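Here the structure is laid out as structure tokens; the discussion comes afterwards.
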Number of protein chains: 2
Amino acid sequence: MELKVLENPDLEVVASALKKAIMSKQLIVVLGECRVDYEGRAASRLEPGERLVIIKQDGAILVHRPTGYSPVNWQPPSPTIEVVYKPGIGLILHTLRDRPREYLTVVFTKILLLVVSRLRDVGEFTMYIDEKEMRDVLAKNPSLIEEGLRVLAVEKMVGGGYVDIYAVDGVGRHVLIELKRVTATREAVLQLYKYVESYRIEYGVVPRGILMAPAFSPTALETALKLGLECKHVDPKKLWELLKKGQRRKAALTDFQGRPPSNGSHQAGNI
Amino acid sequence: MELKVLENPDLEVVASALKKAIMSKQLIVVLGECRVDYEGRAASRLEPGERLVIIKQDGAILVHRPTGYSPVNWQPPSPTIEVVYKPGIGLILHTLRDRPREYLTVVFTKILLLVVSRLRDVGEFTMYIDEKEMRDVLAKNPSLIEEGLRVLAVEKMVGGGYVDIYAVDGVGRHVLIELKRVTATREAVLQLYKYVESYRIEYGVVPRGILMAPAFSPTALETALKLGLECKHVDPKKLWELLKKGQRRKAALTDFQGRPPSNGSHQAGNI
DNA sequence: CTATGCATGTCGATA
DNA sequence: TATCGACGTGCATAG
């Protein structure tokens with residue numbers, strides 16, 4: 001891996017190094033004293049201080065202060081990054097993007113460290129469970145929602161949007177299920193209500209509305225009660241375990257395919 | 001400013017340097033090959049690759065891939081960070097936080113660069129205009145919303161939430177105004193509708209509902225029309241200019257206080 | 001401390 | 001391309 005490190009470099013030296021690094025789409029890390037101006041959707045100014053500035057290989061720019069999760073200033077991958085050294089003023093980094101039109105200007109007055117590199121990163125990123133997977137697990141195991149439930153569709157178009165699960169319960173009533181992976185707020189209840197109302201208007205039948213979430217805010221519960229909607233607890237962790245088990249089983253099947261099972265009849269009972 | 005830079009260091013050396021740096025709350029930047037496991041609200045795995053890992057002075061951790069704005073994995077400022085070197089496995093960085101209970105594990109198999117430093121950053125950060133400021137400017141200049149409007153309150157409690165501006169129009173009708181700094185979606189309309197409904201139930205009067213935003217999505221306009229809510233254009237930039245003018249005037253007053261104004265009567269006309 | 005709503009939200013999917 | 005909804009959203013604030 002290429003790696004260039006300059007400690008306490010001259011601003012003019014950094015300027016030319018930066019231009020080259022940006023041109024060749026390398027990763028740049030700068031520790032230095034700077035001030036930052038931003039204008040676009042909002043507008044901000046950051047007075048001078050020592051910061052960590054990152055220019056990524058796709059042109060994304062992050063200005064980080066020494067604490068906190070989020071960058072104080074940033075620009076998503078932008079095509080045009082300008083570097084200018086002005087004696088007496090400093091090293092100016094200027095970026096511009098359209099849609100939305102926004103600019104970000106970083107003016108370095110002192111550079112403590114410049115790192116230029118190119119990272120090779122093809123490692124896959126997997127999120128084990130998101131709302132979609134929760135939905136699929138529940139759709140495949142409707143008894144987790146309610147005994148006797150029969151799933152008719154996932155992501156059914158109702159009115160303007162899509163309800164997560166569409167089903168019929170044990171006594172034949174239509175059921176619309178909205179799913180949340182985190183604590184459900186009043187917003188989620190209103191979203192479900194919107195579906196229930198749209199469904200009523202469209203089909204002339206009042207369906208049951210079930211909101212499933214690991215927890216509910218008080219206002220969510222209150223609103224659901226008022227609107228005649230049901231709240232049901234669901235444990236994402238449990239679904240995740242189920243999903244993992246399912247994947248492991250699938251993996252196992254793949255692993256063993258073509259090999260005669262040593263005790264196939266015994267295993268079959270569990271599937 | 002303290003600054004330690006190690007290129008291609010031994011994992012064991014890095015381990016002790018990291019422990020010391022974390023103990024003394026310094027800023028750490030690592031370029032290296034690693035894999036990452038996360039489990040908490042969700043769960044994820046990141047396969048090996050070269051990444052930029054940052055440990056901030058408050059214990060916040062960011063794992064960045066070579067492209068994109070957002071970190072692929074992270075942990076907000078967490079009190080407990082563990083560093084262990086296991087020969088044959090690698091350098092393990094393990095962090096845990098409660099509320100929510102989440103852990104993040106980074107396993108380095110190769111370190112290309114280690115930077116330890118301490119940034120001094122007391123520069124002030126100013127955001128020129130956010131929704132709150134837009135609201136205040138509009139409340140102080142209600143004619144920008146509608147001629148003859150009289151503002152009764154900002155952030156008035158209605159039902160569960162707070163409506164941005166509460167006013168009475170020229171013919172005495174009550175008005176609820178919801179404000180958006182960006183393009184208003186259907187969600188914003190529903191939020192306003194919630195306020196209007198709550199108000200109707202609470203006071204037995206149907207108020208006007210006005211949604212103000214720089215732009216409206218088609219579904220927002222459609223939904224607003226259906227629900228009898230009004231959409232009004234507002235230009236954040238214009239409000240920002242007004243705000244700046246107000247602040248400049250205020251600044252000017254401060255600057256000149258105690259000094260006899262040279263042309264006070266002329267200025268008064270504009271205030 | 002929890003609940004609520006904003007954010008330069010960002011990001012992906014979809015029409 | 002614009003819109004929509006989810007997010008390990010993070011974050012400040014009000015109660």
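Fair warning: this is a prediction, and the values are worked out from it, not measured in the lab. Just so it is clear: chains get the letters A, B, ... in the order the sequence lines come, proteins before strands, and each one is counted from 1.
Nearest to the side-chain atoms of A/Tyr69 among the listed nucleotides D/dG5, D/dG8, D/dG10 stands D/dG10. Distances were taken from every side-chain heavy atom of B/Ser217 (C-beta onward) to each of C/dT8, D/dA6, D/dT3; the shortest belongs to D/dT3. Listed nucleotides C/dA3, D/dT13, D/dG8 differ in distance to B/Lys132; the shortest reach to its side chain belongs to D/dT13. The nucleotide whose nearest atom lies closest to any side-chain atom of A/Asn73 is, among C/dA7, D/dA2, C/dT8, C/dT8. With D/dG8, D/dA6, C/dC11 as the choices, the nucleotide that has an atom nearest any side-chain atom of B/Ser70 turns out to be C/dC11.
In this structure, A/Thr185 and A/Gly40 both approach DNA chain C, and ranking their closest nucleotides by distance from the 5' end singles out A/Thr185. Along DNA chain D, the nucleotide nearest B/Pro218 and the nucleotide nearest B/Ala42 are compared for position; the residue whose nucleotide lies closer to the 5' end is B/Pro218. Toward the 5' end of DNA chain C, the nearer of the two residues B/Met127 and A/Ala220, judged by each one's closest nucleotide, is A/Ala220.
Distance noted for atom C1' between D/dA6 and C/dA7: 15 Å (whole Å).
Contact annotation: B/Arg101 does not reach the phosphate of D/dG8 (side-chain N/O to OP1 or OP2, under 4.0 Å). The phosphate of C/dT10 (OP1 or OP2) has a side-chain N or O of A/Arg41 nearer than 4.0 angstrom. At D/dG8, none of the side-chain N or O atoms of A/Arg181 fall inside 4.0 Å of OP1 or OP2 (strictly under the cut-off). At the phosphate of D/dG8, neither OP1 nor OP2 sits under 4.0 Å from any side-chain N or O atom of B/Arg97. At the phosphate of C/dT4, neither OP1 nor OP2 sits under 4.0 Å from any side-chain N or O atom of B/Gln191.
No engagement by A/Tyr195 is indicated, since no non-hydrogen atom pair under 4.0 Å with the nucleic acid exists.
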- request: Report the C-alpha distance between A/His174 and A/Tyr199 in whole Å, list the side-chain angles of each, state the deciding distance to 0.1 Å, and finish with yes or no for side chain to side chain donor-acceptor pair (under 3.5 Å).
  value: CA-CA 10 Å; A/His174 300 190; A/Tyr199 191 92; 2.4 Å; yes
Pair A/Gln57-B/Thr67, side chain to side chain donor-acceptor pair (under 3.5 Å): steps then yes or no: CA-CA 5 Å; A/Gln57 292 171 193; B/Thr67 60; over 6 Å; no
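Taking atom CD of B/Glu155 as the reference point, atom P of D/dA12 lies 17 Å away to the nearest angstrom. As rounded to whole Å, 14 Å separates atom C1' of D/dG8 from atom CG of B/Leu62. Across the protein-nucleic acid pair, A/Glu187 atom CD and C/dT4 atom C1' stand 10 Å apart, rounded to whole Å. Atom pair B/Met157:CE and C/dA3:P shows a separation of 15 Å (rounding to whole Å applied). The nearest whole Å value for the distance from the CZ atom in A/Arg65 to the P atom in D/dC11 is 14 Å. A/Glu131 has its CD atom 12 Å from the P atom of D/dG5, to the nearest Å. Rounded to an integer number of Å, the gap from CG of B/Leu192 to P of C/dG5 is 13 Å. Whole-Å rounding puts the B/Arg135 CZ to C/dA7 P distance at 11 Å.
Atom CD of residue A/Glu178 and atom CG of residue A/Leu190 lie 11.5 Å apart, to the nearest 0.5 angstrom. Within the model, atoms OG1 of A/Thr109 and CD of A/Glu50 stand 9.0 Å from one another, a figure rounded to the nearest 0.5 Å. We find the NZ-NE2 distance between B/Lys238 and B/His233 to be 9.0 Å, quoted to the nearest 0.5 Å.
Aromatic stacking is marked for B/Tyr38 over D/dG8, as both cut-offs hold: 5.5 Å for the centres and 30° for the planes. The aromatic ring of B/Tyr162 does not stack onto the base of C/dG5, failing the criterion of a centre distance under 5.5 Å from the six-membered base ring together with planes under 30° apart. Here A/Trp74 counts as stacked on C/dT8: its ring centre is under 5.5 angstrom from the base ring centre and the planes meet at under 30°.
Taking the centre of each ring, A/Tyr162 and A/Tyr195 stay at or above the 6.0 Å mark.
No hydrogens or angles considered: a donor-acceptor pair under 3.5 Å links the side chains of B/Glu102 and B/Tyr38.
One N or O donor and one acceptor, one from the side chain of B/Gln75 and one from the base of D/dG8, sit under 3.5 Å apart.
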